[in-house]
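We count residues from 1, following the sequence as given. All values below come from the heavy atoms of this structure, side chains included, with hydrogens, waters and symmetry mates left out.
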Amino acid sequence: MFPTGALPPLDGELSLDAGVRAAAADDFGHVVEKTPLGVLRPASARDVAVVTRWAAENGLKVAARGRGHSTFGRSQVDAGIVVDMAYFDEIHRVGDDRVTVGAGTTWRSVVAATLPDHLTPPVLPNYLDLSVGGTLSVGGIGVSTHQYGMQTDNVCELEVVTGDGEILICSPETNSELFNSVRAGLGQFGVIIRATLTLVPAPDRARTYVLSYADLEGLAADQQLLLRRGGVDHLRGSIVLDDDAWQHQLEIAVLLGADDHPDDDVVLAGLADDRSHAQIDDLSYAEYLEAFDRFTELLCSTGEWADPHPWWMTFLPGSVAVKVAHEVIADLVSEDLGGHGFVVFYPLDKGQITTPLVRMPNEEIVFVFNLVRFASTGPEHVERLLEQNWTLYRRVLTAGGVLYPVSAFPLTPEEWEKHFGSAWPMVREAKGRFDPSRCFTPGYEVF
């Protein structure tokens, strides 16, 4: 039922249309469905502030929805208000070392705006159609995180609407407590309206290498060798089940200027891959950034892009990463990943990550360990994979691992407290200060 308290006039509109509400009740995961009371189509930060105050006064929850790419209903709200952040999609300004954009802007649009000035964000997601505000709310990881940290480590300033309807600018120097809470804060403390992002000089081209390994140990050893000595700009690894056999791949790239000529022998020195299967390519930087589009086009053609996506994403301590990954992978069968599912496995230097609420294992070298999978055989298949997500998370947790909180399974408030660990007092205090009515982003069930 619509609240009796009158909603003040808006610059945009609060849509009560059934079709609009139904679209906001689903997400990329296609696992959770919650229908909102209404969907705000904002025309200003003021609209978000007004609706947030009104919702809090009427006991309603509010969730910001970027491009709907969450996998477990985190941008949904049952009988509350969804803020459609896609309406904040403007590029405000490109400077010598930064760009200011609306939080609903996709990373694809950011790159399109900055590349003509030979500039680029230092950390980009593989899938460029994620929203800026969406990835900044969870951390934002990419294949250059080993050099530059998370996307949240490369933010200069944010404009935020807090739970009491204030519109505030925050940065390391101004309202720093809000700045440190909102970055990777899971949408619990405010709605990001606008972000000023760090830029670095953009390369002209990328030389890419895909190398094959007989086993996980060889892959991990070479990944750590490259992490220690440097010399590669992008570092990633994947494990694919092919004809009931696991294929291990190292994927690296060296970013180049127009006149640079990399020496492959130097780049690949000391690596123990099966060199006869090496794939080496030269791409323009724009082509390189769009390489993941070929994969999404394939998934669209097979129908898997529209299937449920019970994805599972974690970080492992480097000292036990190979052991734990071996144990997990040994129990997986093809139905656990789907037709084009795969395992992600590669190391990071935790010292590059400074965002307070990005949680990491208690070691300097940590490994990204993800299951990217597709459930195509119905609700029972989805439910089995969700249960498996929880079981595998417990295994990772026991080994000192940490959740990357975009995974498809629920946590209780007590489990979130354990997840945040030493940062929990900061989380609890920030919730009381910036969202006293506890109206923001209920899908995580942090509080």
Side-chain angles (χ1 to χ4, degrees), residues 126-127 141-147 205-256 262-283 287-299 302 304 313-314 316 318 320-334 336-348 365-374:
N126 286 329
Y127 182 57
I141 194 167
V143 290
S144 59
T145 290
H146 70 287
Q147 284 189 324
R205 1 181 232 118
R207 191 163 179 84
T208 66
Y209 306 80
V210 180
L211 309 177
S212 298
Y213 291 80
D215 52 40
L216 185 60
E217 289 82 358
L219 171 63
D222 277 4
Q223 287 176 327
Q224 292 184 82
L225 171 64
L226 291 169
L227 185 66
R228 288 193 303 270
R229 80 180 185 198
V232 298
D233 297 293
H234 294 178
L235 173 63
R236 193 171 180 270
S238 60
I239 307 163
V240 180
L241 189 58
D242 185 16
D243 292 331
D244 295 324
W246 291 104
Q247 308 295 323
H248 306 81
Q249 291 187 335
L250 171 62
E251 303 144 26
I252 57 179
V254 179
L255 303 181
L256 306 165
D263 186 332
D264 294 339
D265 291 336
V266 172
V267 174
L268 304 179
L271 301 186
D273 61 296
D274 181 352
R275 196 59 50 83
S276 66
H277 287 87
Q279 303 173 40
I280 303 175
D281 292 297
D282 283 296
L283 302 171
E287 290 172 331
Y288 174 67
L289 293 181
E290 294 170 354
F292 193 75
D293 291 351
R294 309 292 84 77
F295 181 58
T296 60
E297 289 167 3
L298 171 64
L299 295 176
T302 63
E304 289 167 283
M313 301 184 179
T314 65
L316 293 172
V320 297
V322 171
K323 175 180 180 295
V324 174
H326 253 311
E327 293 172 353
V328 171
I329 292 170
D331 292 337
L332 297 178
V333 295
S334 59
D336 293 330
L337 295 175
H340 289 94
F342 59 96
V343 180
V344 179
F345 186 79
Y346 63 92
L348 304 174
I365 303 302
V366 301
F367 272 76
V368 175
F369 183 42
N370 303 337
L371 303 183
V372 177
R373 51 205 195 155
F374 307 90

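Expressed to the nearest 0.5 Å, how far CD1 of I239 lies from CZ of F342 amounts to 11.0 Å. Distance check: L235 CG to D222 CG gives 10.5 Å after rounding to the nearest 0.5 Å. In this structure, T296 OG1 and Y127 OH are separated by 6.5 Å, a value rounded to the nearest 0.5 Å. Rounded to the nearest 0.5 Å, atoms CZ (R236) and CG (N126) are 5.0 Å apart. Separating the CD1 atom in I365 from the CZ atom in R228 is a distance of 8.5 Å, to the nearest 0.5 Å. Atom CG of L227 sits about 7.5 Å away from atom CG of L348, to the nearest 0.5 Å.
Around atom CG of D244, no more than 12 heavy atoms belonging to other residues, nucleotides or ligands sit under 6.0 Å away. Counting heavy-atom neighbours within 6.0 Å of H277 NE2, excluding the residue itself, gives a total of 12 or less.
Two residues are said to be in side-chain contact when any heavy atoms from C-beta on lie closer than 4.5 Å; L371 and D336 fail this criterion. Using a 4.5 Å heavy-atom cutoff, the side chains of L250 and Y209 are not in contact. Between I141 and M313, every side-chain heavy-atom pair lies at or beyond the 4.5 Å cut-off. Between I280 and D264 the shortest side-chain heavy-atom distance falls below 4.5 Å. Between T302 and F374 there is no side-chain heavy-atom pair separated by less than 4.5 Å.
Not one N or O on the side chain of R373 forms a donor-acceptor pair closer than 3.5 Å with the backbone of G341. Side-chain atoms of D274 come within 3.5 Å of backbone atoms of S276 as a donor-acceptor pair (strictly under, hydrogens ignored). With hydrogens and angles disregarded, a donor-acceptor distance shorter than 3.5 Å links the side chain of Q223 to the backbone of F345. Listed for the D281 side chain is no donor-acceptor partner under 3.5 Å among the backbone atoms of R207. With D273 contributing its side chain and L211 its backbone, the two residues share no donor-acceptor pair below 3.5 Å.
Closest non-hydrogen pair, S238 versus E251, comes out as OG-OE2, 2.5 Å. Minimum interatomic distance between L316 and A321 (heavy atoms only, all atoms of both residues): CD1-O, 3.7 Å. Between A325 and L216, the shortest heavy-atom contact is CB-CD2, 3.8 Å. The minimum heavy-atom distance between T314 and N370, with the atom names listed, is N-OD1, 3.3 Å. The two residues L255 and A206 make their nearest non-hydrogen contact at CD2-CB, 3.7 Å. Across all non-hydrogen atoms, the minimal contact from H234 to S144 is CD2-CB, 3.7 Å.
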Trace of the side chain to side chain contact (heavy atoms under 4.5 Å, CB included) decision for V343 with W246: CA-CA 10 Å; V343 180; W246 291 104; 4.2 Å; yes
Please report the C-alpha distance between Y346 and H146 in whole Å, then the side-chain angles of each, then the deciding distance to 0.1 Å, and finally whether the ring-ring contact (aromatic ring centres under 6.0 Å, His included) criterion is met. CA-CA 10 Å; Y346 63 92; H146 70 287; 8.3 Å; no
